[in-house]
Enquirer: 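Please read through the structure below; I'll follow up with questions.
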Amino acid sequence: MSDGDVRTERGLERLIFFTDAVVAIAITLVVLPLVDEAKDLDRRSVAEFLSDDSAALIAAAISFAVIGAFWRDHHRLFERATGYTPTLMRVNLLWLAGVVFLPVATVLYVSAGRGDRVAIAVYLGTVSAVMFLSRIEEGILVRAGLRSGPPLTHTDLWVETTPLLLIVVALVLALAVPSLGLWPVLILLLSRPVIRLAATIMDRRS
């Protein structure tokens, strides 16, 4: 079957179900080590458990929130999908690989500390890669005519790509000044202002 051929609707459903299952397993694995630790308190109090495992708890919370955000974006994307291609399936597997690896990247960063450039690169690089692959998936759907609803406008493209551009900026800043840790990630809060500014400029030009 050529790359342009579209698979069956049932195949699309299986692709989505498989993706949801892998994401669910990945998000569950985030807390399993903590469950084992909680079962084996020995003579430690709950307060001591929370103190001793604070880094693991932080890593779990970050991983849960980020994976949840990735799943919401993927869910929104495939809500409008009317089919899929072999290329989309392969890219989706790469997206899943990034999601599954994210908890490991998070633990590496939290354990290594904010001054470790490699840990920062691994973590923010993984986040950037997953976000990039989401946009690739959307591009495949649009190009193959497998996306329902109105066509994407220039404003829509800005909405989709601005977070990715900002996370790349955060990665560059974090690597340039490792002592900042993950504080550069807060630049993502500028997503909405940047999108509104871009939309205003485009409206004036049109």
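Only a predicted model underlies this, so the values are computations on that prediction, with no experimental measurement involved. As a basis for the values below, the full set of heavy atoms in this structure was taken, side chains included, without hydrogen atoms, waters or symmetry mates.
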Enquirer: Any non-hydrogen side-chain atom of Pro184 less than 4.5 Å from a side-chain atom of Val177?
Expert: no
Enquirer: Return the minimal non-hydrogen interatomic distance between Ala176 and Arg117, and the atom names on each side.
Expert: O-NH2, 3.6 Å
Enquirer: Are Val107 and Ile27 linked, directly or through other ILVMFWY residues, by side chains that come within less than 4.5 angstrom of each other?
Expert: no
Enquirer: Closer than 4.0 angstrom, basic N to acidic O: yes or no for Arg76 and Glu79?
Expert: no
Enquirer: Linking I/L/V/M/F/W/Y whenever any side-chain heavy atoms sit under 4.5 Å apart, do Val172 and Ile187 land together?
Expert: no
Enquirer: Kindly write out the residues that satisfy side-chain hydrogen bond (donor to acceptor under 3.5 Å, both in side chains) with Thr19, not counting sequence neighbours, or none if the list is empty.
Expert: Asn92
Enquirer: If I compare all heavy atoms of Ile16 with all of Phe78, which pair ends up nearest, and what's the gap?
Expert: CG1-CD2, 3.9 Å
Enquirer: Below 6.0 angstrom between ring centroids: does that apply to His74 and Phe70?
Expert: no
Enquirer: Report the distance from atom CG of Leu166 to atom OG1 of Thr161, rounding to the nearest 0.5 Å.
Expert: 9.0 Å
Enquirer: Pair Val66, Tyr123 - check side chain to side chain contact (heavy atoms under 4.5 Å, CB included), show working.
Expert: CA-CA 11 Å; Val66 174; Tyr123 177 73; 3.7 Å; yes
Enquirer: Looking at every non-hydrogen atom in both residues, tell me the closest pair between Val118 and Asp116 and how far apart they are.
Expert: N-OD1, 3.0 Å
Enquirer: Can you name the closest pair of heavy atoms from Gly83 and Leu146 and give their distance?
Expert: C-CD1, 3.6 Å
Enquirer: Is there a donor-acceptor pair closer than 3.5 Å between any side-chain N or O of Ser148 and the backbone N or O of Arg80?
Expert: yes
Enquirer: So Ile120 and Tyr109, side chain to side chain contact (heavy atoms under 4.5 Å, CB included) or not? Walk me through it.
Expert: CA-CA 6 Å; Ile120 292 172; Tyr109 172 75; 3.6 Å; yes
Enquirer: Check whether any side-chain heavy atom of Trp95 lies under 4.5 Å from a side-chain heavy atom of Val23, and answer yes or no.
Expert: yes
Enquirer: Give, for atom CG of Leu29 and atom CG of Leu102, the distance between the pair rounded to the nearest 0.5 Å.
Expert: 12.5 Å
Enquirer: Check the pair Tyr84, Ile140 against side chain to side chain contact (heavy atoms under 4.5 Å, CB included), reporting the backbone distance first and the verdict last.
Expert: CA-CA 9 Å; Tyr84 75 103; Ile140 292 172; over 6 Å; no
Enquirer: Flag yes if Met89 and Phe18 sit in one hydrophobic cluster, no otherwise; membership is Ile, Leu, Val, Met, Phe, Trp, Tyr, and two members link when side-chain heavy atoms are under 4.5 Å apart.
Expert: yes
Enquirer: Checking the side chain of Ser128 only, and the main-chain atoms of Leu124 only, is there a donor and an acceptor separated by less than 3.5 Å?
Expert: yes
Enquirer: With a 3.5 Å distance limit and no angle check, can you tell me whether Arg147 reaches the backbone of Pro150 through a side-chain donor-acceptor pair?
Expert: yes
Enquirer: What is the minimum heavy-atom distance between Val100 and Pro103, and which atoms define it?
Expert: O-CD, 3.2 Å
Enquirer: Testing the basics here: between Ser134 and Leu77, what is the closest heavy-atom pair and its distance to 0.1 Å?
Expert: O-CD2, 3.7 Å
Enquirer: Determine the sole option in Ile136, Leu141, Leu12 for which the side chain to side chain contact (heavy atoms under 4.5 Å, CB included) test with Leu88 is passed.
Expert: Leu141
Enquirer: Only one of Thr87, Asp73, Val142, Val91 forms a side chain to side chain contact (heavy atoms under 4.5 Å, CB included) with Glu137, so which one is it?
Expert: Val91
Enquirer: According to a 4.5 Å side-chain heavy-atom criterion applied to Ile, Leu, Val, Met, Phe, Trp and Tyr, with indirect links allowed, do Leu57 and Val46 form part of one hydrophobic cluster?
Expert: yes
Enquirer: How long is the gap from OG1 on Thr106 to CD1 on Ile67, to the nearest 0.5 Å?
Expert: 7.0 Å
